[in-house]
Amino acid sequence: MNRITPYILFLFSLFFTSCIPSKDLIYLQENNKSVSNQPVESVALKPYRLQINDILNIKIKAIDPDLVEIFNVNSQSQSSTGGNELSNYFNGYSVDDHGNIRLPILGEVNVLGRTLEEVTSIIEGRLLKEYFNKEAGIFAVVKLAGFRYTINGEVVMPGTKVLYQDRVNLMEAVANAGDITVTGDRKNVKVIRRNATGSETFSVDLTDANAIKSPAFNLQPNDYILVNPLKQKTWGTGKTGIESLSTVITILSLATTTFLLLRN
């Protein structure tokens, strides 16, 4: 019996180390500080700058809608399809490899690296300069055709997602993917972001309340989110105490049976 005692101790130590602690599953935990005692800090949000393959929805409006009807040739087809993602793909204005979009009458407009506000000003400026006067009440509405991101790894529903809102944070993106699984590493969520010079990778600890201060917490369109598995998944000993206990009992029963057979 003394010979198997170390093995029993090892199995029970495995039981306690293989379980996933609750502190690794709870989001945005405070570190012994009350939220009410902390000063409110503003989070700087950088405006998104357009990239190649982005798709824009552009509407030109005026006091007399007939004046700008030619600029809104896609309005009827979009309304008939409900403005869904497929409609946006075919009827929206895609940024080509040179950073341009092609608008009716206006032709090519370079938008690469510009914000939506800057694109709006450019379009309105050209319309007022080349085709209309101020009395026409011309103004443009420029929006991204959905906020697109990709999430992969230990989430319930991985894949490319599109949300129809201007801003999306990391918690919303995770929730939209059905949440991180029990075996997902919430302390090291990777956000890979493309920029003009290539890409950069951020690591965000979603169990820490300070995650909201990360430059990657507020996502940008086309961000890629990766949730790696915890080591407990590789061990295969179980995610909860009950599962780990069942594993320990199974191994212990097998070891005991083997020991008795060898002894006889």
Side-chain angles (χ1 to χ4, degrees), residues 44-151 159-169 172-173 176-177 191-199 218-225:
L45 296 176
K46 294 183 180 180
Y48 176 65
R49 297 192 174 275
L50 294 171
Q51 303 176 22
I52 293 172
N53 296 327
D54 280 341
I55 300 176
L56 300 178
N57 278 334
I58 300 175
K59 298 292 183 183
I60 310 299
K61 299 186 178 183
I63 295 176
D64 184 358
D66 293 336
L67 293 176
V68 294
E69 183 178 2
I70 192 171
F71 294 99
N72 299 319
V73 293
N74 294 324
S75 58
Q76 183 175 358
S77 59
Q78 283 186 341
S79 60
S80 63
T81 56
N84 56 25
E85 187 177 354
L86 184 62
S87 172
N88 289 330
Y89 177 77
F90 285 106
N91 299 317
Y93 297 95
S94 179
V95 183
D96 64 22
D97 292 338
H98 302 287
N100 299 321
I101 58 173
R102 288 183 59 85
L103 290 172
I105 306 300
L106 290 181
E108 290 189 346
V109 178
N110 188 272
V111 300
L112 184 64
R114 302 183 188 276
T115 65
L116 295 178
E117 290 77 11
E118 290 171 346
V119 175
T120 301
S121 297
I122 291 172
I123 293 174
E124 289 180 347
R126 285 191 56 181
L127 288 174
L128 290 173
K129 180 181 179 180
E130 301 173 17
Y131 297 98
F132 302 98
N133 54 36
K134 293 183 178 180
E135 287 71 20
I138 298 295
F139 70 96
V141 178
V142 181
K143 290 182 175 292
L144 280 171
F147 192 108
R148 182 187 299 270
Y149 69 95
T150 300
I151 186 167
T160 298
K161 313 290 182 180
V162 178
L163 297 178
Y164 294 99
Q165 56 192 72
D166 292 332
R167 291 176 178 173
V168 177
N169 64 48
E172 290 175 315
N176 190 58
V191 178
I192 302 173
R193 178 170 298 166
R194 292 187 303 174
N195 53 41
T197 59
S199 63
N218 291 290
L219 298 178
Q220 291 190 6
N222 304 310
D223 277 354
Y224 180 85
I225 304 167

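Quick caveat: nothing in here was measured; it's all calculated off a predicted structure. Residue numbers start at 1 and run along the sequence shown. Worth knowing before you read on, the calculation uses all heavy atoms, side chains too, and leaves out hydrogens, waters and symmetry mates.
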**Q** May I ask you to test the V111-V142 pair for a side-chain heavy-atom distance under 4.5 Å?
**A** no
**Q** Step by step, work out the side-chain contact (heavy atoms from CB on, under 4.5 Å) result for V95 and Q51.
**A** CA-CA 7 Å; V95 183; Q51 303 176 22; over 6 Å; no
**Q** Show the nearest heavy-atom pair for residues A62 and I138, with the distance to one decimal.
**A**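 Shortest heavy-atom separation between A62 and I138 comes out as CB-CD1, 3.5 Å.
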**Q** Apply side-chain contact (heavy atoms from CB on, under 4.5 Å) to Y89 and I55, showing your working.
**A** CA-CA 7 Å; Y89 177 77; I55 300 176; 4.1 Å; yes
**Q** Taking the side chain as C-beta and beyond, is there a heavy-atom pair between F132 and V68 under 4.5 Å?
**A** yes
**Q** Whether the side chain of N72 engages the backbone of I60 through a donor-acceptor N/O pair (distance < 3.5 Å, no angle test) should be reported.
**A** yes
**Q** Any non-hydrogen side-chain atom of I58 less than 4.5 Å from a side-chain atom of I101?
**A**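 Yes. Closest side-chain heavy atoms under 4.5 Å.
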**Q** Check this for me: does any side-chain nitrogen of one of E172 and R167 sit under 4.0 Å from a carboxylate oxygen of the other?
**A** no
**Q** With a 4.5 Å limit on heavy-atom distance, are the side chains of D54 and Y48 in contact?
**A** yes
**Q** Grab the two heavy atoms, one from L67 and one from A136, that are nearest each other, plus how far apart they are.
**A** CD1-CB, 4.4 Å
**Q** Taking salt bridge (Lys or Arg N to Asp or Glu O under 4.0 Å) as the definition, give me every residue that meets it alongside D97, ordered by chain and number, with sequence neighbours left out.
**A**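 D97 satisfies salt bridge (Lys or Arg N to Asp or Glu O under 4.0 Å) with no residue once adjacent residues are dropped.
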**Q** Y93 versus R102: any side-chain heavy-atom pair under 4.5 Å?
**A** no
**Q** Please report the closest heavy-atom contact between I63 and E135, naming both atoms and the distance.
**A** CD1-O, 3.5 Å
**Q** What is the distance from atom NZ of K161 to atom CZ of R148, rounded to the nearest 0.5 Å?
**A**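 Rounded to the nearest 0.5 Å, the NZ-CZ separation comes to 12.0 Å.
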**Q** If every non-hydrogen atom of I151 is compared with every non-hydrogen atom of A177, which pair is closest and at what distance?
**A** CG2-CB, 3.7 Å
**Q** How many angstroms lie between atom CD1 of I225 and atom CZ of R193, to the nearest 0.5 angstrom?
**A** 9.5 Å
**Q** Might you point out which heavy atoms bring K143 and L116 nearest each other, and give the distance in Å?
**A** CA-CD1, 4.3 Å
**Q** Could you measure the distance from the CG atom of L219 to the CG atom of N169? Nearest 0.5 Å is fine.
**A**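 Result: 7.0 Å between the selected atoms.
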**Q** Please report the interatomic distance CZ(F71) to CD1(I123), rounded to the nearest 0.5 Å.
**A** 10.0 Å
**Q** For I105 and Y131, which heavy atoms make the closest approach, and how far apart are they?
**A**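 For I105 versus Y131, the nearest heavy atoms are CG2-OH, 3.0 Å.
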**Q** Any side-chain heavy atom of L50 sitting closer than 4.5 Å to one from L144?
**A** yes
**Q** Give a yes or no on whether the backbone of L106 and the side-chain of R126 come within a donor-acceptor separation of less than 3.5 Å.
**A**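 Answer holds: yes.
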**Q** Output the distance between atom CZ (F139) and atom CG (L127), rounded to the nearest 0.5 Å.
**A**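 Answer rounded to 0.5 Å: 12.0 Å.
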**Q** Verify whether one side chain among N110 and N100 offers a donor that lies under 3.5 Å from an acceptor in the other.
**A**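 Indeed, the side chains of N110 and N100 share at least one donor-acceptor pair under 3.5 Å.
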**Q** Supply the atom-to-atom distance N222 CG to R194 CZ, rounded to the nearest 0.5 angstrom.
**A**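 So the gap between those two atoms works out to 4.5 Å.
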**Q** Is a side-chain N or O of Y149 found less than 3.5 angstrom from the main chain of A173, in a donor-acceptor match?
**A** yes
